[in-house]
S.K.: 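Got a structure here, written out as structure tokens. Questions coming.
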Amino acid sequence: AWTVILGLAAWAFVLAWRGTADADDRTLLVAAYAANGLFHFLWSPLFFALRRPDWALWETPFLWASVLALAVALRPMSEFASWLVVPYLAWVSFAWILNWRIVRLNRPFAGSRSG
């Protein structure tokens, strides 16, 4: 799923870049993708490396908000690009539900670093 979702997000970036009117639009576009990239790549270490699905759960709304911000920021540059990130938003919503269930079924996590 991630290959398709991130492929669509990359395509959206290209379309939006082509639709930018000026340097300010390009700066906004790069900043929106950078913020999203930070939140996207933060989730896996929290969940897997640190074994803290509870922390990853708290991080997921920031990831979701960054994807929503992408959809909103892309719209004036390319409406189609804005729609291309909707599957990403849906997948992060689904991932939050899975993450929540994992936390609910496997808590407590505090202090657990057994390996």
S.K.: Indicate yes or no for a side-chain donor-acceptor contact from Asn106 to the backbone of Ile102 under 3.5 Å, with no hydrogens or angles considered.
M.R.: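 Here the side-chain-to-backbone pair exists.
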S.K.: Kindly compute the distance separating OG (Ser82) from CG (Leu15), expressed to the nearest 0.5 Å.
M.R.: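 CG of Leu15 is found 11.5 Å from OG of Ser82.
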S.K.: Do Pro87 and Val4 have side chains that approach each other closer than 4.5 Å (heavy atoms only, starting at C-beta)?
M.R.: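 A side-chain contact under 4.5 Å is absent here.
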S.K.: Shortest non-hydrogen contact from Leu29 to Thr20?
M.R.: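 Residues Leu29 and Thr20, closest heavy atoms: CD2-CG2, 4.3 Å.
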S.K.: Taking all atoms of both residues into account, what is the closest heavy-atom pair of Met77 and Ala16, and its distance?
M.R.: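 Between these two residues, the closest heavy atoms are CB-O, 3.6 Å.
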S.K.: Could you grab the distance from atom CG of Leu8 to atom CG of Leu84, nearest 0.5 Å is fine?
M.R.: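 Reported to 0.5 Å precision, the distance equals 5.5 Å.
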S.K.: After noting the C-alpha distance and the side-chain angles of Leu70 and Phe13, does the key distance pass the side chain to side chain contact (heavy atoms under 4.5 Å, CB included) rule?
M.R.: CA-CA 9 Å; Leu70 275 179; Phe13 179 87; over 6 Å; no
S.K.: Go through the steps to decide whether Trp2 and His40 satisfy the test side chain to side chain contact (heavy atoms under 4.5 Å, CB included), and finish with yes or no.
M.R.: CA-CA 11 Å; Trp2 281 118; His40 180 89; 3.4 Å; yes
S.K.: Trp83: which other cluster members, linking ILVMFWY side chains closer than 4.5 Å, directly or transitively?
M.R.: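 Val86, all in the cluster of Trp83.
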S.K.: Quick check against the 3.5 Å criterion: does Tyr33 have a side-chain atom that pairs as donor or acceptor with the backbone of Ala9?
M.R.: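 Such a contact is found between Tyr33 side chain and Ala9 backbone.
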S.K.: So which atom in Val72 and which in Pro76 form the shortest heavy-atom distance, rounded to 0.1 Å?
M.R.: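 Heavy atoms of Val72 and Pro76 come nearest at O-CD, 3.4 Å.
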S.K.: So Trp91 and Phe94, would you call those rings parallel, tilted or perpendicular, with 30° and 60° as cut-offs?
M.R.: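 Tilted, since the angle between the ring planes falls between 30° and 60°.
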S.K.: Would the number of heavy atoms belonging to other residues, nucleotides or ligands and lying under 6.0 Å from CZ of Arg104 be above 12?
M.R.: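 Open: at most 12 neighbouring heavy atoms sit under 6.0 Å from CZ of Arg104.
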S.K.: Would a hydrophobic clustering, with Ile, Leu, Val, Met, Phe, Trp and Tyr connected at side-chain separations under 4.5 Å, put Trp64 with Ile5?
M.R.: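 Yes: a chain of side-chain contacts under 4.5 Å links Trp64 to Ile5.
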S.K.: Rounded to the nearest 0.5 Å, how far does CG of Leu105 lie from CH2 of Trp100?
M.R.: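 Here the rounded value is 8.5 Å.
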S.K.: Taking atom CH2 of Trp55 and atom CG of Asn99, what is their separation to the nearest 0.5 Å?
M.R.: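 Between atom CH2 of Trp55 and atom CG of Asn99 there are 13.5 Å.
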S.K.: In the single-linkage hydrophobic clustering (I, L, V, M, F, W, Y; side-chain heavy atoms under 4.5 Å), do Val92 and Leu89 co-cluster?
M.R.: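 Val92 and Leu89: one cluster.
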S.K.: Which class fits the ring pair Phe39 and Phe62: parallel under 30°, tilted 30 to 60°, perpendicular over 60°?
M.R.: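 The rings of Phe39 and Phe62 lie parallel, inter-plane angle below 30°.
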S.K.: Are Leu98 and Tyr88 co-members of a hydrophobic cluster defined by side-chain heavy atoms under 4.5 Å apart?
M.R.: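 Cluster IDs for Tyr88 and Leu98 match.
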S.K.: Quick one: does Trp58's side chain get under 4.5 Å of Leu46's, heavy atoms only?
M.R.: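 No; the side chains remain at least 4.5 Å from each other.
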S.K.: Val103, Phe47: one ILVMFWY side-chain cluster at the under-4.5 Å cut-off?
M.R.: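 As far as the 4.5 Å side-chain criterion goes, Phe47 and Val103 are not connected within one cluster.
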S.K.: State, to 0.1 Å, how close Ser66 and Asn36 come at their nearest heavy-atom pair, and which atoms those are.
M.R.: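 Distance-wise, the nearest heavy atoms are OG-ND2, 2.9 Å.
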S.K.: Minimum heavy-atom separation for Leu74 to Val85, with atom names?
M.R.: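 Here Leu74 and Val85 meet closest at CD1-CG1, 3.9 Å.
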S.K.: Is Leu57 reachable from Ile97 through a run of hydrophobic residues whose side-chain heavy atoms are each under 4.5 Å from the next?
M.R.: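 Yes.
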S.K.: Which atom names give the shortest non-hydrogen contact between Trp43 and Phe48, and what distance separates them?
M.R.: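 Looking at all heavy atoms of both residues, the shortest contact is CZ3-CE1, 3.6 Å.
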